[in-house]
Colleague: 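One structure coming up, written as structure tokens, with questions to follow.
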Amino acid sequence: MSARKQTDMAGELERLPRHIAVIMDGNGRWAKKRGLPRTAGHSAGADSFRRAARYCQKLGIEYLTVYAFSTENWKRPADEVAGIMALLEKYLRQALRDLEKERVRICIFGALSPFAPELQKLCRECMERSAVYTGAQVNICLNYGGRDEIVRAAKRWAADGCPELTEHTFSGYMWGGDIPDPDLLIRPGGEKRISNFLLWECAYSELYFSDVLWPDFDEAEFDKAIAAYQHRERRFGDVGKSE
Ligand code: IPE
Ligand code: IPE
Ligand code: MG
């Protein structure tokens, strides 16, 4: 049963997460299980991401933020990094071609300077040309690290002349600016850690871990994650509803 149907039945449409974040992990193991090179896993992971973005848009999820390449992932073998870069380029070119059909705003979170000039240009073009679409937003985290984001935010704040600082105004210096924090953070791939993802923004996100590897994380797995989220009681430090 789809998550939308489940929520309709429960009459709780408002309990759909507005913002879902995903650590797209397990591509390498998915490939290894099949005797394929790791890059084949990343390619399958990219397909899974496309499917996930369409499904989230269909469900009415306003924001989807995916972890595609971390500040730590540069440690990987050069050929794997090159393979991921080639896939990113392919994805962005396709996204540019399909902008009008998909009608999704694309944002990149992470400093682009370490990337090849052509890839940087594609990232900027995607962001600029998709900015007109305001219905659904997909944030792709590239060369992203949660600590790096906080340090950069602090630097930008200082460069602004250190204006009055609150948690809210500081959030405005993060890559996502004023978008709402993720309601639900999904990590497929079996690991139970955050791996430097959205350290500031996930302060109160509901966490969902799954052993399913990212390339196999399909619509039904999203439904399971959303259903689990809908059964959580978000207390934000308050006492529960039943108290
Ligand atoms: C996640 O899959 C993709 C990136 C980090 C780029 P992995 O490549 O980490 O897959 P596993 O964890 O080795 O299976
Ligand atoms: C997290 O996965 C980064 C991305 C999915 C892009 P990793 O595979 O890099 O994380 P660790 O090494 O298991 O913490
Ligand atoms: Mg991994």
Side-chain angles (χ1 to χ4, degrees), residues 19-53 55-56 63-92 94-95 106-116 119-120 122-123 126 138-152 174-176 182 184-202 205-218 221-222 225:
H19 185 172
I20 296 182
V22 182
I23 300 176
M24 303 191 293
D25 194 26
N27 297 348
R29 278 162 287 163
W30 183 92
K32 195 172 176 194
K33 262 176 42 183
R34 288 164 177 76
L36 297 168
R38 292 179 63 84
T39 311
H42 295 311
S43 181
D47 292 341
S48 189
F49 162 56
R50 249 179 243 112
R51 197 172 57 206
Y55 190 55
C56 286
Y63 303 92
L64 173 69
T65 302
V66 296
Y67 206 5
F69 192 83
S70 75
T71 45
E72 288 72 31
N73 288 147
W74 296 106
K75 292 176 197 159
R76 295 191 177 202
D79 61 335
E80 180 171 349
V81 172
I84 293 171
M85 295 301 139
L87 278 169
L88 280 172
E89 212 179 298
K90 189 173 153 203
Y91 169 79
L92 292 168
Q94 202 166 331
I106 300 170
C107 295
I108 311 286
F109 292 179
L112 299 181
S113 53
F115 295 117
L119 190 55
Q120 292 188 35
L122 282 169
C123 288
C126 269
V138 172
N139 307 308
I140 307 172
C141 298
L142 297 180
N143 183 34
Y144 174 89
R147 288 187 168 182
D148 179 70
E149 179 179 36
I150 294 168
V151 169
R152 282 173 192 276
M174 300 292 159
W175 293 111
L184 170 63
L185 169 64
I186 300 175
R187 181 164 192 156
E191 310 293 358
K192 291 183 180 60
R193 54 178 169 259
I194 297 293
S195 300
N196 201 16
F197 192 41
L198 302 175
L199 298 181
W200 173 268
E201 297 85 344
C202 283
S205 305
E206 296 296 329
L207 309 181
Y208 179 85
F209 297 101
S210 164
D211 288 333
V212 175
L213 304 172
W214 173 246
D216 293 329
F217 203 91
D218 59 9
E221 294 301 330
F222 265 95

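Predicted model only: the values in this text are computed from it and were never measured. Each ligand, and each atom within it, is numbered from 1 in the order the structure gives.
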Colleague: Any heavy atom of Gly189 closer to ligand 1 than 4.0 angstrom?
Modeller: no
Colleague: May I ask you to list the atoms of ligand 2 that are less than 4.0 angstrom from any heavy atom of Arg187?
Modeller: 2 (O), 10 (O), 11 (P), 13 (O)
Colleague: Does Leu142 reach the side chain of Cys123, with side-chain heavy atoms less than 4.5 Å apart?
Modeller: yes
Colleague: One thing to verify: whether Asp47 and Arg51 come together as a salt bridge, which I'm taking to mean a side-chain N less than 4.0 angstrom from a carboxylate O.
Modeller: no
Colleague: So which heavy atom in the protein is nearest atom 1 (C) of ligand 1, and how far is it from that ligand atom?
Modeller: Met24 O, 3.0 Å
Colleague: Just so I know, are the side chains of Leu198 and Pro182 near enough to count as touching, which here means a heavy-atom distance under 4.5 Å?
Modeller: yes
Colleague: Output the list of atoms in ligand 1 that are nearer than 4.0 Å to some heavy atom of Ile84, sorted by atom number.
Modeller: 6 (C)
Colleague: Counting neighbours of CZ on Arg147 that are heavy atoms of other residues, nucleotides or ligands and sit closer than 6.0 Å, is the number greater than 12?
Modeller: no
Colleague: Does the protein place any heavy atom closer than 4.0 Å to atom 12 (O) of ligand 2?
Modeller: no
Colleague: Do Leu36 and Trp30 touch side chain to side chain, with heavy atoms closer than 4.5 Å?
Modeller: yes
Colleague: Using a strict 4.0 Å cut-off to heavy atoms of Arg29, name the atoms of ligand 1 that fall inside it.
Modeller: 11 (P), 12 (O), 14 (O)
Colleague: Is the shortest N/O to N/O distance between Arg193 and ligand 2 below 3.5 Å?
Modeller: yes
Colleague: Ala68 heavy atoms, cut-off 4.0 Å: which ligand 1 atoms fall inside?
Modeller: 6 (C)
Colleague: For ligand 1, note which part of Leu213 has a heavy atom under 4.0 Å away: side chain, backbone, both or neither.
Modeller: neither
Colleague: Is the shortest N/O to N/O distance between Arg76 and ligand 1 below 3.5 Å?
Modeller: yes
Colleague: Please confirm whether Gly28 comes within less than 3.5 Å of ligand 1 when only nitrogen or oxygen atoms on both sides are compared.
Modeller: yes
Colleague: Measuring only between side-chain heavy atoms, which start at C-beta, is Val81 closer than 4.5 Å to Lys75?
Modeller: no
Colleague: Can you list the atoms of ligand 2 that are under 4.0 Å from a heavy atom of Phe69?
Modeller: 6 (C)
Colleague: Would you check if Arg50 and Tyr91 make a side-chain contact, meaning some heavy-atom pair closer than 4.5 Å?
Modeller: yes
Colleague: With a 4.5 Å limit on heavy-atom distance, are the side chains of Phe222 and Ile186 in contact?
Modeller: yes
Colleague: Taking C-beta and beyond as the side chain, do Leu213 and Pro188 meet within less than 4.5 Å on heavy atoms?
Modeller: no
Colleague: Assess Asp25: does it contribute an N, O or S atom lying under 2.8 Å from the Mg ion (ligand 3)?
Modeller: yes
Colleague: Considering non-hydrogen atoms of the protein only, which is the closest contact for atom 9 (O) of ligand 2, and what is the distance?
Modeller: Asn73 ND2, 2.9 Å
Colleague: Going by the atom numbers of ligand 1, which of them fall below 4.0 Å from some non-hydrogen atom of Asp25?
Modeller: 1 (C), 2 (O), 7 (P), 9 (O), 10 (O), 11 (P), 12 (O)
Colleague: Should the proximity of Glu191 to ligand 1, defined as any heavy atom under 4.0 Å, be assigned to the side chain, the backbone, both, or neither?
Modeller: neither
Colleague: So if I count the atoms of ligand 2 from 1 in the order they appear, which ones are less than 4.0 Å from some heavy atom of Ile23?
Modeller: 1 (C), 5 (C)
Colleague: Looking only at protein heavy atoms, identify the closest one to atom 14 (O) of ligand 2 and say how far it is in Å.
Modeller: Ser195 OG, 2.6 Å
Colleague: Measuring from atom CG of Leu199 to atom CD of Glu149, what distance do you get when rounded to the nearest 0.5 angstrom?
Modeller: 8.5 Å
Colleague: Specify the closest pair of heavy atoms between Gln120 and Phe115, including all atoms of both residues, with the distance to one decimal.
Modeller: NE2-O, 2.7 Å
Colleague: Please examine the side chains of Arg187 and Tyr67, heavy atoms only from C-beta on, and report whether any two atoms are closer than 4.5 Å.
Modeller: no
Colleague: If we only consider heavy atoms of Lys32, is any one of them less than 4.0 Å away from an atom in ligand 1?
Modeller: no
Colleague: So is there a nitrogen or oxygen of Trp30 less than 3.5 Å from a nitrogen or oxygen in ligand 1?
Modeller: no
